[in-house]
Structure formats: structure tokens, C-alpha cells
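Worksheet: one structure, shown below.
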Number of protein chains: 2
Amino acid sequence: MVAVMCSRTSSRSRTGRPRSAEADAAILDATRAALVELGWSKLTMGDVATRAGVAKTTLYRRWASKNELVVDAVAVLFDELELPDRGSLAADIEGVVRQFAALLERPEAKTALMAVVAESTRDEPLRQRIRASIVERQKRLVLQGRRRAQERGELPPPAPDSGPSSGTDDLIFDVVAGAVVHRALVSAEPVDADWAQRFTALLLGGLAAATQG
Amino acid sequence: MVAVMCSRTSSRSRTGRPRSAEADAAILDATRAALVELGWSKLTMGDVATRAGVAKTTLYRRWASKNELVVDAVAVLFDELELPDRGSLAADIEGVVRQFAALLERPEAKTALMAVVAESTRDEPLRQRIRASIVERQKRLVLQGRRRAQERGELPPPAPDSGPSSGTDDLIFDVVAGAVVHRALVSAEPVDADWAQRFTALLLGGLAAATQG
DNA sequence: GCCTTTCGCTACGGGTCGTAGCGTAACTGG
DNA sequence: CCAGTTACGCTACGACCCGTAGCGAAAGGC
């Protein structure tokens, strides 16, 4: 899922020496370790190769640039994100906020996420890669939470002609993810229980007003 | 205000050749131009110096790193941000959202903002510089809008023992700025009139619920 | 065993970094 | 007007990283 290598499944060669899966894992681990120690700007391809115990050329055979490598290395962190049923929409929102905040406290995620997004403003393929590997993974939580709230009756049922996603889902996603990221990285203040509660109250109030009005 | 050089006003030397103010302006202009053409990652100090018509050493005499230079170059863009009285809290919010979005459409702001924030996660002095030059400038709009809404009676008056800023102001700020940035840079979809209206409705609903509940 | 592909390794030209050193220009105080 | 001080443009430099090429060896499929 994470590695976007199409070697095995697609029409790639079935003969010759196969690529080492251990090398992949070692490289991604080394990338995260280097991000923790050095941060984005001082991370070099040669250093990652040395840490992973592979040759620099091996690295370039799989990832064309530092950007793509770091996206793949950080994407696995987002696999941890889940949305256990906490019984109410409020609890679900608060849970996902705190979970996302905990992820952003990890130095490798902190330094890498903003950097690759910055790069993606001038690199459309990279933006697609980020969207597929990271953003869509988060967005699913919003859809899941909304569906669950509708089953509970906390939100009105979906319009019959609406697809699986809607503009409102996009709005909620940008508000939740954006607010948490901004709080954690720009304001650089903790996303603690108090903040999560107040944010959830604000968002729930907005949702209630929207469904009633 | 933008340039944080303490040469003139403070206890800096009053003798010797003064620093060229024209050079400052030329360097910051060249930095923005280079950001537009090259983006953050391909911007080099030598290139900026050549564009500005100054020596590279002159650049290093004033800014220790690319990070600080870019922060100062981009900070002036935020001087444009204003909050004209549009008659209602809803219109004020919608206005500031669209104004901030217009700023983020400029390629030099787009590529630079996320990059310096990413760097600031491992560089506390840089974070302070960003806060002073950029973040505080935005936050003032929130305080001003809140005060104006209270004068209109759209929001309850401030508690007598509260200072000029509160935790709620911080929350609103993170929600507004975070949502707009996330929409524009991560989701990479336009912050058009429709989105601004829907976002404003959501936020206003949350505020109303908070003041009533 | 033969073919294909990956691997580790070395080496390379090209580019950027940040600094040092020099002579010159600009401004100040005596 | 002149000495002192600081900024400036210019050149040169070692250090580092980039991304690639070329090699022989290793690891699989047929």
C-alpha cells in the first residue's frame, strides 16, 4: 500500500534478481530516523543510504527524489489513524483530533509534512502522491465519522442522490485537519484535552446550526 | 517593521558607512521574484544576490540564512491584510477568509509559507521570527473582528477580568487560518465565494452555540 | 548453466554553501 | 580636510551534496 512500486503486480519483469524487500524497509526506517535527528533540510540521500546499509545508487533506483522518499517514509505513520466508535459524534471528533495531534507531535511527521506540502505547490506529481498516500487516508475518517453519526441519528440521513463524498465532507476535513495542524505547527501550542474539547464544541455547534437552518 | 535590523535605532554604531536601504529593498524584491520563478527549494543565495545586483557577501551580512531572508521577504505581503467593516460578523469573516485566500494564491507566498513553517519546527528562533512578522499580524484581525462584533451586539461583551486576548481567540484563529491554508495548499482546491460562505456559516453556527450553551 | 536484473562500490562533473581576504566607497567626528 | 570606522563588490576557496556512469558480483527465473 505504502510503496507505490508497481514491480510485482504489473507488467514489470518477472525475471532477474528481485528487489530486496528488506532494503525497502531499511531505507524507510532510516529515512524516519534521519528526519528525527536531522530534520528535513539537513537530511541527505547519502546519509539515508549509509544508515540503511545500502548503496546510494540503490536508493535512486527506487525513489527519484528526496521528496518522494520522505512521503513514502511518513505515509506509514498515517496507517495508525483509526476511528474507534466512541459512542457519540462529539467523542469521535475529539478522538480523531487527539489522535492526529499525537501524530503531529512526532518530530519526523512534524518536520516532513509541512516540507513536502511546500514542495508540492510546485510539483503536481508530488501533490498527487501526497494525496493518495496521506490525505485520502485521513479523509476516510471524516466519511466514516459522518456515516456513523447518521446511523446514530445525530446527523440527518444522506440525500438519496448524493455520492459517498460531498462538499460538506471536504469542508469538515479542511477545518479539522487545518485547525489541528495550525495549532500544532504554526501556533506551536499543545493540542491538549482542553483544546480538543473546545474545538469539538465549536465544530458540533456549527454542524447543528447547519442542519437546522 | 519588516526588517528586523536594529542598526539605526538601537545602540549600533553611528559612524562608518551606513547600510544601503536600496540594497535591502532590492534583495527582498529579488527574493520574492526568485520564489515565484524557482520556488523554495531551488532558490539559492547566489541567485538572489545576482538578481538584486549586490554581492553575495552583502546578503550574508544581513541575513544569516535563507530561512530568515524568506520570512522577511514574505512578511511584507501580510501588510496588505486588513479588516474593513463590512457591517456584520458574517461578512467580516467571509472577507478575511477571501483576503487570506487571495494572499495564498500568490506563488511566492504559497511556496514560502509552508517551507519556513516546516523549518521552524527545528529552529526556535525562526519560529519566533515568523510569529512576530507574520502570525501576530494575522491574529490582530481576529481580535479586531471579535471586538467589532461585540460592539454590534453579535457576540456577548468580554468578561471584565479578561485581557485583550483569550483562548477562544486563539481557537478561532487556528480554525480560520488553518482551514484556509489546508483548503488552499493541501486539498489544493479553490477558496471561492461558495466555500467561504459555507465555512463562515459553519463557524458562525459554532460561535452561536458556544454563546448560548 | 544462461539470461536478466539488482546489488555494492567507486569515481566523477556540477552546483551550492558560507567564509576569508582584499581594495574601495561612504559617512562621521575632530 | 583628514583619520577612523563601517559597508561594499569582488575573487577565491574548501567543504559538502547531488545525481549519474561504469564496473564486477550476487540472486533469482527458465
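Scope of the values below: all heavy atoms of this structure, side chains included, with no hydrogens, waters or symmetry mates. Letters go in sequence order (proteins before strands), and every chain restarts at 1. The structure displayed is predicted, hence computed values, not measured ones.
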Exercise. Tell me: CD1 of A/I27 to P of C/dT6, nearest whole Å?
Worked result: 13 Å
Exercise. Mind checking whether A/I172 and B/L202 have side chains closer than 4.5 Å, heavy atoms only?
Worked result: yes
For this session: Round to the nearest Å and state the distance from A/W63 atom CH2 to D/dG19 atom C1'.
Result: 17 Å
Exercise. With nearest nucleotides of DNA chain D determined for B/A23 and A/K66 from heavy-atom distances, which residue corresponds to the more 5′ nucleotide?
Worked result: B/A23
Exercise. Are the charged groups of B/E151 and B/R146 less than 4.0 angstrom apart, N to O?
Worked result: no
Exercise. Can you list the steps and then say if B/R51 with B/E37 is a salt bridge (charged side-chain N to carboxylate O under 4.0 Å, His left out)?
Worked result: CA-CA 12 Å; B/R51 285 171 191 259; B/E37 282 187 31; 3.1 Å; yes
For this session: Could you tell me whether a side-chain N or O of A/R127 sits under 3.5 Å from a main-chain N or O of A/D123, the two making a donor and an acceptor?
Result: no
Exercise. Any Lys/Arg nitrogen of B/D85 or B/R148 sitting under 4.0 Å from an Asp/Glu carboxylate oxygen of the other?
Worked result: yes
Exercise. On the ring face of B/W40, is B/K110 found with NZ or CZ under 6.0 Å from the centre and within 45° of the axis?
Worked result: no
Exercise. From D/dC8, D/dC18, C/dT6, pick the nucleotide closest to the side chain of A/R19?
Worked result: C/dT6
For this session: Determine whether the side chains of B/E22 and B/S20 contain a donor N or O and an acceptor N or O closer than 3.5 Å.
Result: yes
For this session: Can you tell me the distance, in whole Å, between the OH atom of B/Y60 and the P atom of C/dG21?
Result: 18 Å
Exercise. Would B/D47 and B/K42 pass as an ion pair if we require N to O under 4.0 Å?
Worked result: no
Problem set entry | DNA chain C contacts made by residues 29-54 of chain B, counting heavy atoms under 4.0 Å | B/T44, B/M45, B/G46
Problem set entry | Whole-Å distance separating the CG atom of B/L59 from the P atom of C/dT19 | 12 Å
For this session: Please state how far atom CD in B/E22 lies from atom P in C/dA25, giving the value in whole angstrom units.
Result: 18 Å
For this session: Keeping the roles fixed (side chain from A/T111, backbone from A/P107), state whether a donor-acceptor pair exists under 3.5 Å.
Result: no
For this session: Can you figure out which of D/dA7, C/dT6, C/dG8 approaches the side chain of A/A55 most closely?
Result: C/dG8
Problem set entry | Which nucleotide in D/dT20, D/dC8, C/dC17 has an atom nearest any side-chain atom of B/S20 | D/dC8
Exercise. With distance as the sole criterion, do the side chain of B/K56 and the base of D/dG9 form a donor-acceptor contact below 3.5 Å?
Worked result: no
Seminar exercise, completed: In 5'-to-3' order, the base (B), backbone-only (S) or no-contact (-) status of each nucleotide in nucleotides 22-30 of chain D, using a 4.0 angstrom heavy-atom cut-off, is ----BBBS-
